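Remember, predicted model here, so these are calculated numbers, not experimental data.
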Amino acid sequence: MDRLNQNELESVKRSYLNILALFLTEKQVESKYVACLLKWSAQLNLSNEDLHHIEGNFDRLEFTSPEDKITKMEAIYHLVRMIYLDNIVEDIELEVASIYAQKLGFRASVVGELFKAIATAPYDGKSSTEVRKEVKEFLKLHDVE
């Protein structure tokens with residue numbers, strides 16, 4: 001996938017913080033998930049300011065589930081962009097992604113299909129607008145609330 005522009009990067013960072021908050025709500029987080037979350041933070045080139053924000057709010061980070069389908073789609077789109085930043089998809093990344101997607105209301109059976117649709121779009125020559133339109137149709141077809 002292509003690199004993120006500054007606006008996309010900020011949106012993806014916000015999504016990353018939401019994913020981080022989701023896992024931090026657990027009493028115990030498995031080390032494999034921590035490793036994945038740390039990998040993404042490195043790939044996003046979080047600034048010192050970003051890291052200080054996380055550190056200063058570590059116990060106050062709150063997961064917020066998007067209210068509508070479009071916002072959920074954006075969250076999944078950002079997640080897939082994060083996974084593909086290094087052009088390598090690891091099983092643990094898909095596991096973390098699946099947990100997050102299910103938390104957003106996606107059925108487990110459609111998570112992989114949705115990731116595949118988003119991830120392969122650039123290789124199919126589709127623009128971001130076309131991808132978003134297809135994802136909206138996908139959400140409607142699978143009745144994601």
Only distances under 3.5 Å count here; give the side-chain donor-acceptor pairs of residues 52-63 to other protein atoms, sequence neighbours excluded, each with its distance to 0.1 Å.
| residue | atom | partner | partner atom | Å |
| --- | --- | --- | --- | --- |
| H53 | ND1 | N57 | ND2 | 3.1 |
| N57 | OD1 | R60 | NH2 | 3.0 |
| N57 | ND2 | H53 | O | 2.9 |
| R60 | NH2 | G56 | O | 3.0 |

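Looking only at side-chain heavy atoms (C-beta outward), E8 and R81 come within less than 4.5 Å of each other. For the pair W40 and L85, the minimum side-chain heavy-atom distance is 4.5 Å or more. Here the side chains of L104 and S65 are in contact, with some heavy-atom distance below 4.5 Å. Counting heavy atoms from C-beta outward, E90 and I83 have side chains that stay 4.5 Å or more apart. Two residues are said to be in side-chain contact when any heavy atoms from C-beta on lie closer than 4.5 Å; E10 and R14 meet this criterion.
Atom CD1 in I76 sits 9.0 Å away from atom OG in S15 (nearest 0.5 Å). A distance of 12.0 Å separates CG in L24 from CD1 in I19, rounded to the nearest 0.5 Å. Atoms OH and NE2, on Y100 and H78 in that order, are 9.5 Å from each other to the nearest 0.5 Å. Of the inter-residue distances, the one linking D50 atom CG with L17 atom CG reads 7.0 Å to the nearest 0.5 angstrom. The line from CD of Q28 to CZ of F23 is 13.5 Å long, rounded to the nearest 0.5 Å.
When every heavy atom of Q43 is checked against every heavy atom of M82, the shortest pair comes out as OE1-O, 3.5 Å. Between I88 and K39 the shortest heavy-atom distance is O-NZ, 4.3 Å. Contact record, K13 with L44: CE-O, 3.9 Å, taken as the closest heavy-atom pair. Summarising the geometry of P66 relative to A75, their closest heavy-atom pair is CG-CB, 4.4 Å, with the distance given to 0.1 Å.
Using a 3.5 Å distance cut-off with no hydrogens or angles, the side chains of Y33 and E26 do not pair a donor with an acceptor. Donor-acceptor pairing under 3.5 Å is recorded for the side chains of T71 and D68. Judged by distance alone, the side chains of Q102 and S98 do bring a donor and an acceptor atom under 3.5 Å apart.
Between K72 and E67, no side-chain nitrogen of the basic residue sits less than 4.0 Å from a carboxylate oxygen of the acidic one, so the salt-bridge criterion is not met.
Atom CG of D91 has 12 or fewer neighbouring heavy atoms from other residues, nucleotides or ligands inside a 6.0 Å radius.
A donor-acceptor pair under 3.5 Å is formed between the side chain of Y16 and the backbone N or O of L37. In terms of modelled atom types and a separation under 3.5 Å, the side chain of N18 and the main chain of T64 share a donor-acceptor contact.
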